[in-house]
Amino acid sequence: MDEVLSGFDYLTYYFYLLYYKFIGYPVVLRICIAVVTLCVVFYLFLALYLAYGIYRRQREKNLFARIYKRFYDPLKSVLADRENRTIGEIADLVNHDIKKSLKRQEMRFLVQVLIKIKSELGDKALNNYNMQNVQGVFKVGSFFEREIQFGRPRQKIQALLSIQSVNGYVSEAVLVRFLYNRRLELRNAARFAYMWLSQSNPFRFFDEDTTMKLSKWDMAEIHMIVQHRQKMGFVVPSFLKWVNSSVEDNVKAFFVSEIKLFEQTDNCPPLLDMLNTKTWTLRNEIIRTLGGMQYVESEPKMVEIYDVQPEYIKRNILASVAGLRTGRALGFLHEAFERADDQGTKLCALTCLYDYGESGRSLFGQLEALTTGYASQLFAHVKNPLTNRA
């Protein structure tokens, strides 16, 4: 009776068929046949994968083109309109049925269209009221929550970043579970979104993790978030506590610069007490902040520590002291010019002297009359309005 093969038996049959067919060949030849066979199979899989990738990208491109063509012009008109529109009016203007929801991929492309329009219009031309109602028409908030909860990691991160780009909203409960995620990119995106939205304790991470590291991009993101919260009328935190608690020098320096940018003048006396810190980066930022905030009480201390500082800190001290315009630093600027060994510091002192009111300009002229040779070029450099004196 003939045996009927089925299922896995077919694979076993062909495997042994090939095995016994080549078993008599030399070992080298068998290895070559095996390698070639594997390469052919791999090539076929790779060709199929690439073909599918091309098909998928083309399909996404066509879908984005349809979403763009359908919604870009009406949405831009609504978002640029100075008149506030209700959700029903916007739905009619963009020809969309509120009861129907776009598919997930269509929603991703719609969010991209909103981000593009917001970028083109800018904050001044954009009607934020209409933007919120547009998101209500398309249920953008619900889409963000679904993406964050059930999307792939890349989709989660994109959704979290898009919240800030369109000034969207999601429940804080949705964000909390990702605030301490092991994946750094997802954790940071969730924390930035939480800082953007939370009304309770948005900056709690800096209290909980004193070893938190921040990249330059992270610092720019946090600054933008604080600006947004200030614009919306939310409470802006005092940055001094994180200057004291953080163990990362660049993070401390960042928060010192934020003190200056957000004009938290109450923090100037404590910063002056920290001026003798051992960290050059932090000390330099404190000097720039005290000078930028016109804290005149810091002038004697800056003059006192000047001689023992590195050259780049000396130049910032000169600029800060000159910017205070107390009228008491003329002798200090003169002495700094005369004693400077570094040409950059010497030029900086001379520039500060030139800009230090009438008395400074007068002393500048006296020094120029007494100077000959190569040093006289510094005076010409300072007086030339086309010279970059930074």
Side-chain angles (χ1 to χ4, degrees), residues 216 243 249-250 252-261 263 265 267-390:
K216 294 293 184 181
V243 176
D249 293 335
N250 68 324
K252 289 183 177 182
F254 164 68
F255 284 123
V256 170
S257 68
E258 292 295 278
I259 289 174
K260 176 180 67 176
L261 294 173
E263 299 179 350
T265 54
N267 292 331
C268 287
L271 287 181
L272 182 59
D273 294 336
M274 298 171 61
L275 196 56
N276 286 325
T277 178
K278 296 180 180 179
T279 306
W280 289 359
T281 303
L282 179 58
R283 189 188 317 151
N284 185 58
E285 198 59 50
I286 291 174
I287 289 168
R288 294 177 58 188
T289 295
L290 293 175
M293 296 178 72
Q294 296 291 298
Y295 188 61
V296 295
E297 288 80 356
S298 64
E299 182 180 90
K301 187 66 175 180
M302 291 187 190
V303 173
E304 177 186 339
I305 67 173
Y306 175 82
D307 289 332
V308 295
Q309 304 305 313
E311 296 300 327
Y312 77 98
I313 294 183
K314 284 184 177 181
R315 291 192 283 271
N316 280 321
I317 289 177
L318 290 170
S320 296
V321 168
L324 294 176
R325 293 288 196 276
T326 62
R328 301 190 297 267
L330 190 64
F332 165 69
L333 296 175
H334 181 199
E335 185 178 359
F337 168 72
E338 294 289 355
R339 296 173 56 184
D341 297 322
D342 181 83
Q343 287 298 313
T345 304
K346 192 178 246 350
L347 180 62
C348 180
L350 199 58
T351 301
C352 293
L353 190 63
Y354 185 78
D355 293 333
Y356 200 67
E358 294 182 2
S359 57
R361 191 69 59 89
S362 175
L363 181 56
F364 179 92
Q366 297 174 24
L367 293 173
E368 183 180 18
L370 298 174
T371 304
T372 58
Y374 175 78
S376 62
Q377 297 181 18
L378 296 176
F379 291 87
H381 183 90
V382 171
K383 290 193 299 183
N384 191 336
L386 298 180
T387 302
N388 179 9
R389 293 186 275 160

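The figures that follow rest on heavy atoms only: side chains count, while hydrogens, waters and symmetry mates do not.
By the 4.5 Å heavy-atom criterion applied to side chains, L330 and L353 are counted as neighbours. Using a 4.5 Å heavy-atom cutoff, the side chains of F332 and I317 are in contact.
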Test side-chain contact (heavy atoms from CB on, under 4.5 Å) on M274 and V243 and set out the steps.
CA-CA 10 Å; M274 298 171 61; V243 176; 3.4 Å; yes
Take M293 and N267, measure what side-chain contact (heavy atoms from CB on, under 4.5 Å) needs, and give me the verdict at the end.
CA-CA 10 Å; M293 296 178 72; N267 292 331; over 6 Å; no
Hey, can you pull the donor-acceptor pairs under 3.5 Å for the side chains in residues 284-292, sequence neighbours left out?
from, atom 1, to, atom 2, distance (Å)
N284, OD1, N316, ND2, 2.5
T289, OG1, V256, O, 3.3
T289, OG1, E285, O, 2.9

Listed pairs under 3.5 Å, donor-acceptor, residues 301-314 side chains, sequence neighbours left out:
from, atom 1, to, atom 2, distance (Å)
Q309, OE1, R283, NH1, 2.5
Q309, NE2, I305, O, 2.9
E311, OE1, T345, OG1, 2.5

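From T265, atom OG1 reaches atom CG of L271 across 11.0 Å, with rounding to the nearest 0.5 Å. Rounding to the nearest 0.5 Å places OG of S257 at 14.5 Å from NZ of K252. Taking OH from Y354 and CG from L347, the interatomic distance works out to 13.0 Å, rounded to the nearest 0.5 Å.
Scanning for side chain to side chain contact (heavy atoms under 4.5 Å, CB included) contacts around T281 gives A253, T279, with sequence neighbours left out. Partners of E338 according to the side chain to side chain donor-acceptor pair (under 3.5 Å) rule, which considers only residues two or more places apart in sequence or in another chain, are H334. Every residue two or more places apart in sequence or in another chain was checked for a side chain to side chain donor-acceptor pair (under 3.5 Å) with E297, and none qualifies. With sequence neighbours excluded, no residue satisfies ring pair (Phe, Tyr, Trp, His ring centres under 6.0 Å) with F254.
F364 and V382 make their closest contact through CE1-CG1, 4.0 Å (heavy atoms, listed as atom of the first residue, atom of the second, distance). Residues Q294 and G323 come closest through the heavy atom pair NE2-O, 3.0 Å. The heavy-atom pair separating A322 from L333 by the smallest distance is CB-CD1, 4.4 Å.
Screening residues 357-381 for salt bridge (charged side-chain N to carboxylate O under 4.0 Å, His left out), with sequence neighbours left out, gives E368-K383. Applying the ring pair (Phe, Tyr, Trp, His ring centres under 6.0 Å) test to pairs two or more places apart or on separate chains, none has a residue in residues 268-305. Among pairs with a residue in residues 341-353, those fulfilling salt bridge (charged side-chain N to carboxylate O under 4.0 Å, His left out) read R315-D342, at least two apart in sequence or across chains. Sorted by first and then second residue, the pairs that involve residues 321-333 and meet side-chain hydrogen bond (donor to acceptor under 3.5 Å, both in side chains), not counting sequence neighbours, are E299-T326.
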